[in-house]
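Chain A is the first sequence line, chain B the second, and so forth, proteins listed ahead of strands; every chain is numbered from 1. What's counted below: heavy atoms across the whole structure, side chains too, no hydrogens, waters or symmetry copies.
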There are 2 protein chains.
Amino acid sequence: MSRTRPPSSIAVARLAGVSQSAVSRTFTPGGIVSPATRAKVLAAASTLGYRPNLLSRSLTTGRSGIVAVAVGGLSNPFHAMALDCFATGLQRRGQQVMLVVVEDEWALGSAVELLSGYQVDAVLSSLSVNARDVAEALTRFGVPIVTMNSSVTNRWVRTVAADDHEAGAAIAKHLYGQGARRFGYIAGRSGTLAQERREAGFRQGLAEFGITDCERAQGNHLHSGGAASVRALYASGTGPDGLFCLNDLTAMGAIDALRVEFGLRCPEDVLVAGYDNIDGSAWPPYRLTTVDVGLDRVAAEAFALIEEEDGGPPEVLVQPRLVLRASTRS
Amino acid sequence: MSRTRPPSSIAVARLAGVSQSAVSRTFTPGGIVSPATRAKVLAAASTLGYRPNLLSRSLTTGRSGIVAVAVGGLSNPFHAMALDCFATGLQRRGQQVMLVVVEDEWALGSAVELLSGYQVDAVLSSLSVNARDVAEALTRFGVPIVTMNSSVTNRWVRTVAADDHEAGAAIAKHLYGQGARRFGYIAGRSGTLAQERREAGFRQGLAEFGITDCERAQGNHLHSGGAASVRALYASGTGPDGLFCLNDLTAMGAIDALRVEFGLRCPEDVLVAGYDNIDGSAWPPYRLTTVDVGLDRVAAEAFALIEEEDGGPPEVLVQPRLVLRASTRS
DNA sequence: CCCCTAACTGCATCCGTATGCAACATTGGC
DNA sequence: GCCAATGTTGCATACGGATGCAGTTAGGGG
């Protein structure tokens with residue numbers, strides 16, 4: 001596509017019969033120009049279709065106005081929600097979003113390396129950083145990074161976390177209160193912090209009722225993993241009657257498999273709870289009890305963190321909210 | 001966050017005892033430097049943690065390496081899928097993604113205005129452009145724009161379209177073949193082209209069986225709109241026994257409402273088909289017959305278009321694929 | 001009517017990198 | 001031992017815009 005260079009401030013200045021600085025000042029917020037000059041400049045700019053080149057502006061100002069957002073696979077609605085939240089929030093604040101889709105925290109490292117070349121003002125990530133060497137690598141770029149649920153933080157890597165432990169315990173208490181006595185937990189793929197905290201909280205919650213047994217299966221954060229886990233848990237003998245899944249997608253897969261493959265009803269035979277409060281969790285086939293982390297608040301805290309002067313807290317905790325629905329109403 | 005400016009090529013040059021141009025050539029693909037100099041430069045660069053500033057590079061080269069992607073609300077999984085496709089494809093091609101979340105095509109106009117200030121090399125959008133003045137506004141920026149399903153195209157605004165008309169007709173034929181005789185169509189909010197083509201194709205398909213009656217309701221592209229439309233269609237008397245919805249989310253809402261609010265079964269009482277083939281459409285409660293537009297091919301064609309020299313086709317058509325599932329198996 | 005001040009303008013320079021051009025060194029051929 | 005060809009290097013400048021500083025102008029007060 002043969003692109004001719006767009007008009008520069010010099011071209012506008014020439015047409016308007018003023019200096020290039022006058023053009024620059026006209027388009028710089030807070031720039032001092034007389035109304036007459038401003039009018040001439042704006043007229044010339046509009047006939048030429050001039051728009052200031054924001055990249056070269058960032059050369060002098062040192063701020064690009066670009067914030068990078070790194071998210072995991074968008075086929076998980078939670079990641080899509082998080083991205084939507086971050087992106088619209090940033091747009092409202094007049095910042096641009098550079099998107100990176102990333103597999104895991106190691107990919108985050110190389111992504112940030114690349115992004116630092118684009119002088120991004122900050123990086124927001126819905127992934128967590130739990131490996132010390134990844135955190136150190138990220139630190140090298142001198143870019144403020146805000147992640148979700150990281151266990152490793154430092155001057156440049158901060159985190160906004162939901163109180164997953166608390167939420168896990170609350171789910172345990174709720175399930176017990178609804179009459180469940182044989183418990184199961186369906187985990188995610190890797191040992192992420194969110195995952196570990198939810199499970200630990202759940203088990204501690206159970207322990208308070210003197211329950212130490214809790215079956216466990218490994219999913220993949222997706223619908224298919226929930227279904228596969230149910231197959232593993234219920235294949236022989238009686239499975240759990242209270243099931244906590246690390247996220248909604250997993251829980252929905254679990255419910256579907258319980259019904260279709262084992263003829264078990266939810267909530268009559270098995271109580272199921274999830275996490276994330278994605279749109280689908282509220283639909284009639286599921287009516288899933290779940291946990292809403294409050295992405296709006298997470299985003300707001302993240303925005304505050306990247307503006308924070310040095311010395312801000314390395315970790316901010318947000319209180320998630322239990323969403324009770326029919327999937328756990330016995 | 002007090003950020004100290006990152007090291008520049010001059011700093012590296014000084015440390016390595018060479019000229020700034022030598023540093024530049026070392027980091028420019030195809031740059032001519034002797035192995036000895038390159039080694040010195042790389043050593044100095046690594047001790048300083050130097051990364052070339054890609055923004056100032058784009059100042060001289062005229063290409064930023066940034067492609068903008070504009071998508072509608074990400075709570076619709078289809079948009080999330082499209083974004084995922086575009087983003088991973090662009091990343092693989094070494095381009096960066098600037099994301100804009102946008103309400104409608106008018107918002108697209110102002111978004112592109114802003115983006116052109118960032119010298120994006122191209123704009124990909126999962127929205128369609130149907131208003132002539134929007135298309136003309138977009139043209140002013142001299143940025144190649146590839147949209148989905150636009151009815152207005154020109155030198156700068158091209159489009160990759162799925163053959164929605166054909167797909168709509170195929171759905172009609174399929175529903176008729178499965179025994180449906182009273183038909184209904186649930187539309188989207190606005191008069192987008194995709195929407196109109198799907199409906200027109202559906203009606204034409206019905207016409208081939210001599211059917212000219214087709215009830216109609218207006219949804220909102222979301223689950224809630226499908227449910228509301230079903231309420232409108234089935235409130236009085238017998239509703240349709242063959243229902244085509246402009247997208248999967250709407251269809252899933254329709255199915256849920258049919259079952260929960262009217263006690264109607266799908267597919268036994270009503271055949272329901274959707275469009276998009278989002279993940280959830282395959283889950284047991286729905287097993288939705290739908291249309292897969294083949295986002296991979298769409299993305300590939302879009303990439304080809306933005307590289308095309310002048311004179312490429314303004315519109316590329318992609319053949320969608322019918323996905324038959326239990327929701328239409330009588 | 002004059003002087004001082006405030007408002008504005010343009011000049012020059014800088015931001016970090018790319019690149020045409022001339023200068024330079026090295027090597028080989030004769 | 002001289003010249004030319006080849007391969008490197010640095011100098012200078014350009015990209016588009018922001019800004020300190022000095023100079024200009026207009027306006028107000030005495």
*Keeping the roles fixed (side chain from Glu301(A), backbone from Val318(A)), state whether a donor-acceptor pair exists under 3.5 Å.*
no
*Donor-acceptor under 3.5 Å (Thr159(B) side chain, Thr147(B) main chain)*: yes
*Contacting residues from residues 10-33 of chain A, given that a heavy atom lies under 4.0 angstrom of DNA chain D*: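 Only Gln20(A), Ser21(A), Ser24(A), Arg25(A), Thr28(A) qualify.
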*Determine the minimum heavy-atom distance between Ala22(B) and Thr26(B), stating which atoms define it.*
O-OG1, 2.8 Å
*How close do Arg63(B) and Ser58(B) get, heavy atom to heavy atom, and via which atoms?*
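Scanning both residues completely, I find the closest heavy atoms to be O-CB, 3.2 Å.
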*CG/Leu90(A) to CD1/Ile306(A) distance, rounded to the nearest 0.5 angstrom?*
6.0 Å
*Find the distance between OG (Ser9(A)) and CZ (Arg14(A)) and round it off to the nearest 0.5 Å.*
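One finds 10.0 Å between OG of Ser9(A) and CZ of Arg14(A).
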*In chain order, what residues pass the salt bridge (Lys or Arg N to Asp or Glu O under 4.0 Å) check against Arg25(A), with sequence neighbours excluded?*
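Expected list: none.
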In whole Å, what is the span from the [atom1] atom of [X] to the [atom2] atom of [N]?
| X | N | atom1 | atom2 | value |
| --- | --- | --- | --- | --- |
| Arg63(B) | dA18(C) | CZ | C1' | 16 Å |
| Leu55(A) | dA18(C) | CG | C1' | 16 Å |
| Asn53(A) | dC15(C) | CG | P | 18 Å |

*Hey, does the side chain of Arg5(B) come within less than 4.0 Å of dG16(C)'s phosphate (OP1/OP2), counting only N and O?*
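Result: yes.
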_So, OP1 or OP2 of dT17(C): does either fall under 4.0 Å of a side-chain N or O from Ser9(B)?_
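Yes.
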*Without hydrogens or angle criteria, can the side chains of Thr153(A) and Ser150(A) be said to hold a donor-acceptor pair below 3.5 Å?*
no
*Heavy-atom contact window of chain A on DNA chain D, given 5' to 3' at under 4.0 Å*: dC15(D) to dG20(D)
